[in-house]
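For reference, positions follow the sequence shown, starting with 1.
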Amino acid sequence: MMKRTIFSNQLLPWLLLAPQLIITFVFFLWPAGQAVRQSFLREDAFGTRTSFVGLENFARLWSSPEYLNSLQVTAVFAISVTVLSMGLSLLLAIAVDRMIRSTRVYTTLLVWPYAVAPAVAGILWWFIFNPTIGIMPYLLGGLGYDWNHISDKGDAMTLVVIASAWKQISYNFLFFLAGLQAIPASLREAAAIDGAGPVRRFFDITFPLLSPTTFFLLVVNIVYAMFDTFGVIDATTEGGPAQATNIMVYKVYFDGFVGQNLGSSAAQSVVLMGLVLVLTVIQFRYVEKKVAY
């Protein structure tokens, strides 16, 4: 039987929920409502004149080559960061799960990067790949490759993807390791007795049982790549060169706070929020069907 908590005072549950409800309203619902309202307006840079323009801000976005380029850049960036961070973290989790000794030491060392702020992670990798003083351009130069993320679009995208994925690997690693340790060892031992090799055991037993964790991390990493990587972009490339790394969340900031085009910036934030919601619904609607709980 399921235990149910019965409150004698009907006001008490609302009082217990009040802090979370207030935080949700102040930091999400109210700003989101303001963004939706402002997306239908046109304001000057000083906020002295405001006029209602309806859907004009949205119409201009879809006819803007810069915004369409930002959509494409965001798609490439989000997919690359998600695949790279989840792939590497899964490999690390498998390696640590197979260790008998020093597991806690390696886990602690791998978790540390998660405490680094996105802007700090961006600056760290900016120094590593700096064409003048960085160690990686020096090593790549010895291999015959001239690295320069300041002028080369491909190098710039590679830099921000590496920095963003490195920041997220620790988070993914913790969940993958927990998922691996929750899988009964008897299942893999039985498969090994039946003659299944390590690769066969992973794809037939381990990975299917990890599907709930993988699905959860897939949603989290896509949201992370589209929202929380602003600090990495701002600290490394600032959307350049030639808008090659100008993802949607950075364009919202640049157009609103630098260009002072508040209506367009609000419209972009609404589109970004709607896009993430649609992607999340699609993942829960279709991808979750293949998840075995």
Side-chain angles (χ1 to χ4, degrees), residues 2-3 20 23-24 28 77-118 120-122 124-125 161-194 196-229 231-232 276-277 279-293:
M2 295 181 61
K3 295 183 179 180
Q20 182 61 46
I23 292 174
T24 303
F28 179 74
F77 175 76
I79 294 174
S80 301
V81 171
T82 301
V83 172
L84 182 61
S85 61
M86 291 185 64
L88 291 178
S89 58
L90 180 57
L91 290 176
L92 292 172
I94 293 173
V96 172
D97 184 54
R98 291 182 176 180
M99 295 179 60
I100 299 177
R101 301 178 180 178
S102 305
T103 301
R104 293 184 178 180
V105 175
Y106 280 99
T107 300
T108 303
L109 293 176
L110 289 171
V111 166
W112 277 354
Y114 187 65
V116 178
V120 176
L124 172 66
W125 286 97
V161 167
I162 291 175
S164 301
W166 176 82
K167 174 69 175 65
Q168 191 68 2
I169 284 176
S170 299
Y171 182 88
N172 299 336
F173 165 78
L174 285 176
F175 282 91
F176 274 133
L177 182 60
L180 288 171
Q181 293 179 344
I183 298 175
S186 58
L187 297 177
R188 286 176 283 189
E189 292 173 355
I193 294 174
D194 289 340
V199 177
R200 183 72 180 273
R201 293 200 301 269
F202 174 78
F203 285 103
D204 288 353
I205 297 177
T206 304
F207 193 69
L209 293 176
L210 272 180
S211 57
T213 303
T214 305
F215 173 72
F216 166 75
L217 291 177
L218 179 65
V219 176
V220 170
N221 278 263
I222 289 179
V223 174
Y224 161 78
M226 300 189 73
F227 281 105
D228 294 343
T229 52
V232 175
V276 172
L277 288 175
L279 289 175
T280 304
V281 170
I282 290 175
Q283 291 178 80
F284 275 93
R285 180 67 177 84
Y286 297 103
V287 180
E288 193 181 21
K289 290 182 178 180
K290 299 182 179 180
V291 176
Y293 291 100

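- Among Leu92, Ile183, Leu177, the one residue that satisfies the side-chain contact (heavy atoms from CB on, under 4.5 Å) test with Asp97 is Leu177.
- Asp204 CG to Leu187 CG: the interatomic distance, rounded to the nearest 0.5 Å, is 12.5 Å.
- Phe203 CZ: 12 or fewer foreign heavy atoms inside a 6.0 Å radius.
- Atom OG1 of Thr229 and atom CZ of Phe77 lie 4.0 Å apart (nearest 0.5 Å).
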Evaluation steps, side chain to side chain contact (heavy atoms under 4.5 Å, CB included), between Leu84 and Trp166:
CA-CA 9 Å; Leu84 182 61; Trp166 176 82; over 6 Å; no
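- The two atoms that bring Ala163 and Ala121 nearest to each other are CB-O, 4.4 Å, heavy atoms only.
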When you look at Asn172 and Leu90, which way does the side chain to side chain contact (heavy atoms under 4.5 Å, CB included) test go after all the steps?
CA-CA 8 Å; Asn172 299 336; Leu90 180 57; over 6 Å; no
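- Contact check for Val220 versus Phe175: no side-chain heavy atoms found under the 4.5 Å cut-off.
- Nearest heavy atoms, Ala192 versus Arg201: CB-NH1, 3.5 Å.
- With hydrogens and angles ignored, the 3.5 Å screen pairs no side-chain donor or acceptor of Thr82 with any backbone N or O of Ile79.
- In terms of heavy atoms, Ser164 sits closest to Val232 at OG-CG1, 3.5 Å.
- Ring geometry for Phe284 against Phe215 counts as perpendicular: the plane angle is over 60°, on a 0 to 90° scale with 30° as the lower cut.
- Phe173 is not listed as a side-chain neighbour of Leu88, based on a closest heavy-atom distance of 4.5 Å or more.
- Between Ser85 and Tyr224 the shortest side-chain heavy-atom distance does not fall below 4.5 Å.
- Taken to the nearest 0.5 Å, the CG atom of Asp228 stands 8.0 Å off from the NZ atom of Lys167.
- Taking the side chain as every heavy atom from C-beta outward, Phe176 and Thr214 approach each other to under 4.5 Å.
- Side-chain contact between Gln168 and Val81 is absent, with no heavy atoms from C-beta onward closer than 4.5 Å.
- Between Phe207 and Phe202, the ring planes are tilted. Angles from 30° to 60° get that label.
- Taking CZ of Arg188 as the start and OG1 of Thr206 as the end, the distance is 4.5 Å to the nearest 0.5 Å.
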